[in-house]
Amino acid sequence: METASCSQRQVEAAAAPADAAGPGASRPREADCPSQQFLPSIEEHPKIWLPRALRQTYIRKVGDTVNLLIPFQGKPKPQITWTHNGSALDNSRVSVRNGEQDSILFIREARRADSGCYQLCVRLGGLQATATINILVIEKPGPPQSIKLVDVWGSNATLEWTPPQDTGNTALLGYTVQKADRKSGLWFTVLERYHRTSCVVSGLIVGNSYAFRVFAENQCGLSETAPVTADLAHIQKAATVYKTKGFAQRDLSEAPRFTQPLADCSTITGYDTQLFCCVRASPRPKIIWLKNKMDLQGNPKYRALSHLGICSLEIRKPSPFDGGIYTCKAINALGEASVDCRVDVKAPH
């Protein structure tokens, strides 16, 4: 065997000096041969099972906990090491617990400085397995540096702004633009996740004055603050010019004309009776009532009314002497017209 021959060569090499020293010299022991100190045999090669969620960039927010459990194999127990961007871990920030079959990387409150490339190495003898995990710690972005009202025309306003100095350690998703009219002071969103640094806000109400502000946005949300335009956008009313068109004045004057004549009627003594007719005239005509061609004006037995061209005469408790020919006459500057009717007053049976 290889171990035995190795022991014999060790003894022969030591024999000469021992004989020269004399019979009292001691012989070398076989246990002193290094080849007999066997290295442990490797039962399982080192291997790492990286969870699917960690095969892409692992994103956390500032203040979140980072707790990564990485399973591995290797027998006997392999040597486990972690590095951050190629250097040893900062033990004041990061703690590691290594078990028989897994390793846990723990950060209580993540900071942006904790971002980077973390590498796990499982080493056993001359064999090793490695896994790389990219961690990105992000936070809300800073606000855009400034916003300016460039132009106002009609019901539109043009705005420009500059990107934020701090994007929160990740790419921006866009900008949110808001407006507020001076009367209410309430803010309303007009654009969301807008990617340019200039825009036109339309549909502003005539007569109002507006202020504008813009937020930056990333995966963590909107920036805590937003710059506001120093100047207000005043939406002016356009000057209206009225053009009067000449037109011929229409002459509506006309002489009186009865559109509904009086109707003959019979009544009974003691029962009130009314006579009606309709007249049309411009200017408004004077109405005169006659009985048997005698003017009835001022007679308390009769009540005459005229409204919107409707003329009426009320005969109060007529007697047989109130029968006869009644006439309604309408007169204005352009002429006159009249209508007649007969009224019979009968005694009750």
Side-chain angles (χ1 to χ4, degrees), residues 152-156 179-186 188 202-210 233-349:
V152 178
W153 79 100
S155 59
N156 310 288
K179 67 177 180 181
D181 67 87
R182 187 173 58 180
K183 295 179 182 178
S184 68
L186 301 176
F188 295 93
S202 303
L204 303 177
I205 299 175
V206 173
N208 283 6
S209 298
Y210 291 88
H234 303 286
I235 309 303
Q236 304 288 348
K237 293 183 179 180
T240 304
V241 179
Y242 295 97
K243 295 182 179 180
T244 57
K245 295 182 179 180
F247 59 92
Q249 184 70 33
R250 183 179 178 184
D251 187 5
L252 301 177
S253 301
E254 64 176 313
R257 177 172 59 88
F258 283 90
T259 59
Q260 180 68 37
L262 291 171
D264 296 340
C265 69
S266 297
T267 184
I268 299 175
T269 300
Y271 288 88
D272 293 349
T273 300
Q274 288 185 329
L275 306 178
F276 293 95
C277 61
C278 296
V279 65
R280 178 175 177 176
S282 180
R284 184 177 178 181
K286 179 181 178 181
I287 304 299
I288 300 174
W289 284 92
L290 306 170
K291 175 194 171 188
N292 298 328
K293 299 183 180 180
M294 298 293 294
D295 192 345
L296 299 178
Q297 186 175 0
N299 191 330
K301 191 174 184 66
Y302 301 97
R303 183 187 181 196
L305 297 174
S306 177
H307 181 67
L308 298 177
I310 301 175
C311 305
S312 66
L313 178 69
E314 181 181 0
I315 307 173
R316 297 174 177 174
K317 296 182 179 181
S319 66
F321 298 101
D322 293 320
I325 303 299
Y326 284 81
T327 302
C328 181
K329 183 181 291 187
I331 304 172
N332 70 3
L334 299 179
E336 66 177 62
S338 64
V339 288
D340 301 324
C341 73
R342 175 178 291 278
V343 177
D344 292 329
V345 180
K346 301 178 180 180
H349 294 293

Next item on the list: Could you walk me through whether Ile287 and Val279 pass side chain to side chain contact (heavy atoms under 4.5 Å, CB included), step by step?
Entry: CA-CA 9 Å; Ile287 304 299; Val279 65; 4.2 Å; yes
Please report, to 0.1 Å, the donor-acceptor pairs under 3.5 Å made by any side chain of residues 255-268, with sequence neighbours excluded.
{"unit_1": "Asp264", "atom_1": "OD1", "unit_2": "Arg342", "atom_2": "N", "d": "2.6"}
{"unit_1": "Thr267", "atom_1": "OG1", "unit_2": "Thr273", "atom_2": "OG1", "d": "2.8"}

Check: Distance only, no hydrogens: is a donor on one side chain within 3.5 Å (strictly under) of an acceptor on the other, for Asn208 and Lys183?
Finding: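 Their side chains do contain a donor-acceptor pair, which is all the 3.5 Å distance test asks for.
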Next item on the list: Flag yes if more than 12 heavy atoms outside Arg316 fall under 6.0 Å of its CZ atom; otherwise flag no.
Entry: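 Yes, enclosed.
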Margin query: The test is side chain to side chain contact (heavy atoms under 4.5 Å, CB included); show your working for Leu334 and Ser253 and say whether it passes.
Written below: CA-CA 8 Å; Leu334 299 179; Ser253 301; 3.6 Å; yes
Check: Which atom names give the shortest non-hydrogen contact between Val152 and His234, and what distance separates them?
Finding: CG1-O, 3.8 Å
Checklist line | Shortest non-hydrogen contact between Trp289 and Asp295, atoms and distance | finding: O-OD1, 3.5 Å
Is it true that a side-chain atom of [X] and a backbone atom of [Y] form a donor plus acceptor pair closer than 3.5 Å?
X: Ser202; Y: Asn156; value: no
X: Asn292; Y: Met294; value: no
X: Lys286; Y: Lys329; value: no
X: Asp322; Y: Ser319; value: yes
X: Asn332; Y: Glu254; value: yes

Check whether any side-chain heavy atom of [X] sits under 4.5 Å from a side-chain heavy atom of [Y], and report yes or no.
X: Pro318; Y: Val345; answer: yes
X: Ile205; Y: Tyr210; answer: yes
X: Gln274; Y: Ser312; answer: no
X: Asp272; Y: Lys317; answer: yes
X: Pro320; Y: Thr269; answer: yes

Margin query: Evaluate Lys291 against Val343 for side chain to side chain contact (heavy atoms under 4.5 Å, CB included), listing each step before the verdict.
Written below: CA-CA 10 Å; Lys291 175 194 171 188; Val343 177; over 6 Å; no
I need the [X] [atom1] to [Y] [atom2] distance, nearest 0.5 Å.
X: Leu275; Y: Cys341; atom1: CG; atom2: SG; value: 4.5 Å
X: Cys311; Y: Ile288; atom1: SG; atom2: CD1; value: 11.5 Å
X: Lys301; Y: Leu296; atom1: NZ; atom2: CG; value: 11.5 Å
X: Leu308; Y: Arg280; atom1: CG; atom2: CZ; value: 13.5 Å

Checklist line | Trace of the side chain to side chain contact (heavy atoms under 4.5 Å, CB included) decision for Tyr326 with Leu290 | finding: CA-CA 6 Å; Tyr326 284 81; Leu290 306 170; over 6 Å; no
